[in-house]
Amino acid sequence: RVLALGGSRGVDGDSPIGLDTASILRADGRPGAYVFDAIDRMRGPRVDAAAVVVRDSGTDYDGKVVVFGAPSVIDRRSGLISIDLDADALDEARDAGVPEVFDPAADSWSDGPDDEVLRRNAARGHHCVVQLGDRLAVIGGIVFDEQGGLGLRATGEIDLMDLNGGDTVQGAALAETRWAHTCSVLPDGRVLAVGGAQVPTNAVTYPETELVEVYDPVQDRWTSVGDLVPGRADHVAVPLPDGRVLVAGGLTALDTVAPLKSLS
């Protein structure tokens, strides 16, 4: 079965209309015939969230889906979403963005952990989540910055959530901030981070990073492994059976102007 959750159903002015709904795609027994069944709503709208199915962690999370982030923080390539938030609104966004857990055995949602580290960047979008044994790593993305007023910034931070119930801790940060990037777990347990944009503040262009980095969870260290030219964002990365990772598509510095199309 396939869990479909969140997203947007259009815009209200400049801001996407976030969805808190979720559905299960079930085969009905006939080839090519499928039905979406609605399930309980999530805690709040999640437009730019990331989800991971936990497997073989040896914890109660096995077989469940954990979702992180976020009300919409930015509309990809159409420009910066205007931010009109006060402290109360940011708290509401964080309430919606902290982890939530879907149990396919009961088709129901439950609250995930809500510790200080997870909450600080809970209103996060365009990030990656990967499983590293009995931990989940939330990597990069766009977060709200409260320094000097509410705004957005790209981050290279990594939050490590303990599936055994321990506190979330911050790991070593990426050498370069990035969002709309990809993170792929390699056969040896390391994580390959490719591409992504470095700043969220320009509607015409933003620099896509060329630097490729690998994270070693044992040593808690990122290592640079060269450049992928041109840099790209909004691409896909697929691990191959032989241990390589196929990187395809994306937006690059060759064409970073947001297209404007009239619907009239």
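Because the structure is a prediction, the values reported are computed rather than measured.
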**Student:** Under the criterion side-chain hydrogen bond (donor to acceptor under 3.5 Å, both in side chains), I'd like the reasoning laid out for Thr168 against Asp115: C-alpha separation, chi angles, the key distance, then a yes or no.
**Tutor:** CA-CA 7 Å; Thr168 302; Asp115 57 42; 2.7 Å; yes
**Student:** With the side chain counted from C-beta on, respond yes when Pro230 and Glu208 share a heavy-atom pair under 4.5 Å apart, and no when they do not.
**Tutor:**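 They are not in side-chain contact.
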**Student:** With a 3.5 Å distance limit and no angle check, can you tell me whether Trp109 reaches the backbone of Glu100 through a side-chain donor-acceptor pair?
**Tutor:**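 No, because the side chain of Trp109 does not come within donor-acceptor range (under 3.5 Å) of the backbone of Glu100.
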**Student:** Hey, could you give me the CG/CG distance between Asp188 and Leu186, rounded to the nearest 0.5 Å?
**Tutor:**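 If we round to the nearest 0.5 Å, Asp188:CG and Leu186:CG are 5.5 Å apart.
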**Student:** Could you go step by step and tell me if Val66 and Val54 meet the side chain to side chain contact (heavy atoms under 4.5 Å, CB included) rule?
**Tutor:** CA-CA 7 Å; Val66 185; Val54 179; 3.9 Å; yes
**Student:** Run the side-chain hydrogen bond (donor to acceptor under 3.5 Å, both in side chains) test on Glu176 and Gln198 for me, step by step, so that the C-alpha distance in whole Å, both residues' side-chain angles and the decisive distance to 0.1 Å come before the verdict.
**Tutor:** CA-CA 7 Å; Glu176 294 193 354; Gln198 295 178 312; 2.8 Å; yes
**Student:** Look at the side chain of Arg232 and the backbone N and O of Gly249, then say whether any donor-acceptor pair between them is shorter than 3.5 Å.
**Tutor:**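 Indeed, once roles are kept as given, a pair shorter than 3.5 Å links the two residues.
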**Student:** CG/Asp220 to CG/Leu160 distance, rounded to the nearest 0.5 angstrom?
**Tutor:**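 Taking CG in Asp220 and CG in Leu160, the distance rounds to 6.5 Å.
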**Student:** Which distance, rounded to the nearest 0.5 Å, do you find between the CG of Leu174 and the CG of Leu211?
**Tutor:** 9.0 Å
**Student:** Establish whether Val52 and Val236 are linked, either directly or via other cluster members, by ILVMFWY side-chain heavy-atom contacts under 4.5 Å.
**Tutor:** no
**Student:** Quick one: does Trp222's side chain have a donor or acceptor within less than 3.5 Å of a partner on Ala172's backbone?
**Tutor:**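 Judged by distance alone, yes, a pair lies under 3.5 Å.
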**Student:** Without swapping roles, check the side chain of His181 against the backbone of Ile139 for a donor-acceptor pair under 3.5 Å.
**Tutor:** yes
**Student:** Could you check whether Arg178 pairs with Glu213 (Lys NZ or Arg NE/NH1/NH2 to Asp/Glu carboxylate O, under 4.0 Å)?
**Tutor:** yes
**Student:** With a cut-off of 6.0 Å (strictly less than), are more than 12 heavy atoms of other residues, nucleotides or ligands near CG of Asp56?
**Tutor:** no
**Student:** Please name the pair of heavy atoms, one in Pro99 and one in Leu118, separated by the smallest distance, quoted to 0.1 Å.
**Tutor:** CG-CD1, 3.9 Å
**Student:** Do you reckon Met42 sits in the same ILVMFWY cluster as Val53, going by side-chain contacts under 4.5 Å, direct or chained?
**Tutor:**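 Yes, Met42 and Val53 fall within the same hydrophobic cluster.
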**Student:** Flag the pair Asn121 / Asp159 as yes when at least one side-chain heavy-atom distance between them is below 4.5 Å, and no otherwise.
**Tutor:** yes
**Student:** Restricting to non-hydrogen atoms, name the atom on Ala233 and the atom on Trp179 that form the minimum distance, rounded to 0.1 Å.
**Tutor:**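 Distance-wise, the nearest heavy atoms are CB-O, 4.5 Å.
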**Student:** Give the minimum heavy-atom separation between Val191 and Cys183, together with the two atoms involved.
**Tutor:**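 Closest approach of Val191 to Cys183: CG1-CB, 3.9 Å.
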**Student:** Can you measure from CG (Leu132) to OG (Ser57) and round to the nearest 0.5 angstrom?
**Tutor:**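 OG of Ser57 is found 12.0 Å from CG of Leu132.
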**Student:** So with a 6.0 Å cut-off around CZ of Arg244, is the heavy-atom count from everything else above 12?
**Tutor:** no
**Student:** How about Glu210 and Leu228: do any of their side-chain heavy atoms sit closer than 4.5 Å?
**Tutor:** no
**Student:** For the side chain of Gln219 and the backbone of Arg221, is there at least one donor-acceptor N/O pair under 3.5 Å apart?
**Tutor:** no
**Student:** Can you find a side-chain donor-acceptor pair between Asp134 and Tyr61 that sits under 3.5 Å?
**Tutor:**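 Looking only at side-chain atoms, Tyr61 and Asp134 do not form any donor-acceptor pair under 3.5 Å.
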**Student:** Can you tell whether the side chains of Asp48 and Arg124 come within less than 4.0 Å, N to carboxylate O?
**Tutor:** no
**Student:** Locate the shortest heavy-atom distance separating Gly243 from Pro187; write the atom from each residue and the value.
**Tutor:** CA-CG, 3.8 Å
**Student:** Determine whether a donor-acceptor pair (N or O, by modelled atom type, separation under 3.5 Å) exists between the side chain of Asp216 and the backbone of Arg190.
**Tutor:** no
**Student:** Given the rule in the side chain to side chain contact (heavy atoms under 4.5 Å, CB included) test, do Phe102 and Leu5 qualify, once you have shown the distances and angles that lead to the verdict?
**Tutor:** CA-CA 10 Å; Phe102 177 73; Leu5 59 93; over 6 Å; no
**Student:** Is it true that atom CG of Asp60 has more than 12 heavy atoms of other residues, nucleotides or ligands lying nearer than 6.0 Å?
**Tutor:** no
**Student:** Closest heavy-atom contact between Ser184 and Val245?
**Tutor:**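 Result for this residue pair: OG-CG1, 3.9 Å.
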**Student:** Do His235 and Val194 come within less than 4.5 Å of each other through their side chains, counting heavy atoms only?
**Tutor:** yes
**Student:** Is there side-chain contact between Pro239 and Val185, with at least one heavy-atom pair below 4.5 Å?
**Tutor:** no
**Student:** Given Asp114, which of Arg119, Arg120, Arg43, Arg94 fulfils the salt bridge (Lys or Arg N to Asp or Glu O under 4.0 Å) condition?
**Tutor:** Arg119
**Student:** Taking Val247 as the starting point, is it possible to reach Leu192 by hopping between hydrophobic residues whose side chains are less than 4.5 Å apart?
**Tutor:**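 Yes; Val247 is reachable from Leu192 via cluster members.
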**Student:** Measure across Thr209 and Gly195 and return the closest heavy-atom pair with its distance rounded to 0.1 Å.
**Tutor:**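 Shortest heavy-atom contact: CG2-O, 3.1 Å.
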**Student:** What is the distance from atom OG of Ser8 to atom CG of Leu19, rounded to the nearest 0.5 Å?
**Tutor:**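 If I round to the nearest 0.5 Å, the distance is 6.5 Å.
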**Student:** To the closest 0.5 Å, what do you measure between OG (Ser108) and CD1 (Ile39)?
**Tutor:** 8.5 Å
**Student:** Do Val117 and Val138 belong together in a cluster built from hydrophobic side chains that touch within less than 4.5 Å?
**Tutor:** no
**Student:** Report the C-alpha separation of Leu136 and Phe68 in whole Å, then their side-chain angles, then the decisive distance to 0.1 Å, and conclude whether the side chain to side chain contact (heavy atoms under 4.5 Å, CB included) test is met.
**Tutor:** CA-CA 10 Å; Leu136 297 181; Phe68 296 81; 3.9 Å; yes
**Student:** Picking from Arg46, Arg41, Arg9, what satisfies salt bridge (Lys or Arg N to Asp or Glu O under 4.0 Å) with Asp20?
**Tutor:**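 Only match with Asp20 under salt bridge (Lys or Arg N to Asp or Glu O under 4.0 Å): Arg41.
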**Student:** For Ile24 and Leu3: C-alpha separation, side-chain torsions, deciding distance, then whether side chain to side chain contact (heavy atoms under 4.5 Å, CB included) applies.
**Tutor:** CA-CA 5 Å; Ile24 291 286; Leu3 173 67; 3.9 Å; yes
**Student:** Is there a donor-acceptor pair under 3.5 Å between the side chain of Arg55 and the backbone N or O of Asp62?
**Tutor:** no
**Student:** Should Val130 and Met161 be counted in the same cluster of Ile, Leu, Val, Met, Phe, Trp and Tyr side chains packed under 4.5 Å apart?
**Tutor:**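 In one cluster: no.
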